[in-house]
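All ligand and atom numbering here is 1-based and tracks the order in the structure. Computed from heavy atoms alone, side chains included, the values below leave out hydrogens, waters and symmetry copies.
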Amino acid sequence: MSKRTNGPVPKSGVLDIAAYVPGKSEAAPGVKLHKLSSNETPLGPSEAARRAFRDAAERLADYPDGSARDLREAIARAHGLNVQNILCGNGSDEILHLLAQSYLAPGDEAIFTEHGFLVYRIATLAAGGKPVVAREHDLTANVDEILAKVTGRTRIVYLANPNNPTGTYLPIGEVRRLHAGLPGNVLLVLDAAYAEYVRRNDYEAGIEMVSAFANVIMTRTFSKVHGLAAVRIGWCYGPADVIDALNRVRGPFNVSSAAIAAGAAAIGDRAHVEMSVAHNEEWLAWTSRALAALGLIVTPSVGNFILIHFPDHDGKNAGEADAFLTARGYVLRSVAAYGLPNALRMTIGSAEANRGVVAALAEFLG
Ligand SMILES: *Cc1c(COP(=O)(O)O)cnc(C)c1O
């Protein structure tokens with residue numbers, strides 16, 4: 001680390017940030033790479049989205065439409081939403097940051113859970129806010145623990161539902177109970193990055209809550225089920241006043257023309273989304289069962305990834321497993337930074353990748 005002298009000093013909070021470390025994307029030389037480290041879809045994007053992205057190359061000199069109208073209209077159509085209540089971002093990460101920038105003054109508090117998505121901490125610190133961590137029960141967010149952390153300085157509660165990296169979720173009844181316990185000036189951010197994958201009768205992403213309450217916002221992404229992580233597209237659905245605040249703070253052209261075009265095409269291709277979800281449903285169940293049959297504990301997941309826990313003896317820990325798998329081309333995600341030093345997160349991949357990981361772990365444990 002370089003020594004800090006008397007040059008410019010970042011504002012308070014910035015140097016408390018541990019920079020986000022993305023999932024690895026390289027395997028050992030000479031082996032086929034199966035990237036299972038960032039929850040990308042093995043099926044890739046819709047062909048219509050690829051075409052729209054390529055066509056955007058013909059118009060690179062012009063600024064994009066700063067309101068991302070075509071994309072917002074496509075999202076509104078797909079989900080039956082009000083177009084004025086949608087705002088798009090350069091990935092939903094940007095929106096999570098915009099929320100912190102817009103609602104946290106220095107010293108204000110944002111609450112998130114013990115194994116919650118790391119961007120919440122980064123966005124809070126970057127805005128000068130104070131991160132407040134609520135304990136989880138059984139690797140699942142707990143409404144009472146969150147409510148117990150609310151103070152007069154609380155301005156935001158970030159909840160990933162389902163959560164990454166645990167794959168667990170809160171039923172809508174619990175989300176409503178959480179909201180009911182929050183003061184009206186606290187913004188409840190429902191990060192529903194994996195909503196499309198969830199197959200549970202008691203799950204809702206939060207659209208109806210946004211429509212009913214002035215202090216609930218839902219964020220979504222094109223990086224997961226739509227297979228467009230490289231293009232960086234996120235969006236949120238929120239009350240008019242919240243959308244107005246975010247529109248004042250965001251960059252005027254925060255979503256590129258290629259992103260607008262590719263996203264609008266992707267969300268219109270329902271068949272492709274259904275195919276991705278069906279693939280995940282089949283292989284999430286198969287992989288979870290197969291790993292459990294090896295004696296590994298797998299946290300029950302409703303997303304497109306699973307959290308695998310390793311026994312911590314005889315060199316069979318998560319670090320050893322990670323090295324063993326990487327040498328064979330299977331790149332999973334270390335989650336030590338999430339307070340889970342002896343687990344790995346595995347994205348549900350192609351049939352070949354899922355079978356390969358199970359076979360490799362059988363060899364590792366045997
Ligand atoms: C992947 C992910 C996101 C999405 O990030 P983008 O910036 O849209 O790519 C947001 N929240 C959670 C919990 C995620 O896992």
(request) Go through the steps to decide whether Arg121 and Glu114 satisfy the test salt bridge (charged side-chain N to carboxylate O under 4.0 Å, His left out), and finish with yes or no. (result) CA-CA 11 Å; Arg121 173 185 293 279; Glu114 197 178 345; over 6 Å; no

(request) Just jot down the ligand 1 atoms closer than 4.0 angstrom to any heavy atom of Tyr194, in number order. (result) 1 (C), 14 (C), 15 (O)

(request) Please confirm whether Gly234 comes under 4.0 Å of ligand 1, counting heavy atoms of the residue only. (result) no

(message) Students often mix this up, so state it plainly: with edges at 30° and 60°, are the rings of Phe117 and Tyr20 parallel, tilted or perpendicular?
(response) perpendicular

(request) List every atom of ligand 1 that sits less than 4.0 Å from any heavy atom of Ser223, numbering the atoms from 1 in the order shown and giving each element. (result) 6 (P), 8 (O), 9 (O)

(request) Look at Arg248 together with Asp244 and state whether they make a salt bridge at an N to O cut-off of under 4.0 Å. (result) yes

(request) Tell me which protein heavy atom sits closest to atom 4 (C) of ligand 1, plus the residue, atom name and distance to 0.1 Å. (result) Ser92 OG, 3.1 Å

(message) Below a 4.0 angstrom heavy-atom separation, can you tell me which part of Arg232, side chain or backbone, both or neither, approaches ligand 1?
(response) side chain

(message) Set out, in order, the CA-CA distance, both residues' side-chain angles and the distance that settles salt bridge (charged side-chain N to carboxylate O under 4.0 Å, His left out) for Glu109 and Arg153, then state yes or no.
(response) CA-CA 5 Å; Glu109 297 170 359; Arg153 293 306 297 264; over 6 Å; no

(request) Check whether more than 12 heavy atoms from other residues, nucleotides or ligands sit under 6.0 Å from atom CD of Glu208, and answer yes or no. (result) no

(message) Distance alone, cut at 3.5 Å: any donor-acceptor contact between the side chains of Asn39 and Tyr194?
(response) yes

(message) Is there a polar contact, in the sense of an N or O pair closer than 3.5 Å, between Lys224 and ligand 1?
(response) yes

(message) One residue to check: Asp191. Relative to ligand 1, which of side chain, backbone, both or neither has a non-hydrogen atom less than 4.0 Å away?
(response) side chain

(request) Flag the pair Asp144 and Arg177 as a salt bridge only when some basic side-chain nitrogen lies within less than 4.0 angstrom of an acidic carboxylate oxygen. (result) yes

(request) List the steps, then state whether side-chain hydrogen bond (donor to acceptor under 3.5 Å, both in side chains) holds for His34 with Ser350. (result) CA-CA 9 Å; His34 294 280; Ser350 64; 4.5 Å; no

(request) Examine the proximity of ligand 1 to Ala193 and report which part, side chain or backbone, both or neither, has a heavy atom under 4.0 Å away. (result) side chain

(message) Heavy-atom contact check, 4.0 Å cutoff: does Phe222 meet ligand 1?
(response) no

(message) Under a 4.0 angstrom heavy-atom cut-off, which atoms of ligand 1 come close to Asn164?
(response) 13 (C), 14 (C), 15 (O)

(message) So for ligand 1, is Asn90 a polar contact partner (N or O within less than 3.5 Å, distance only)?
(response) no

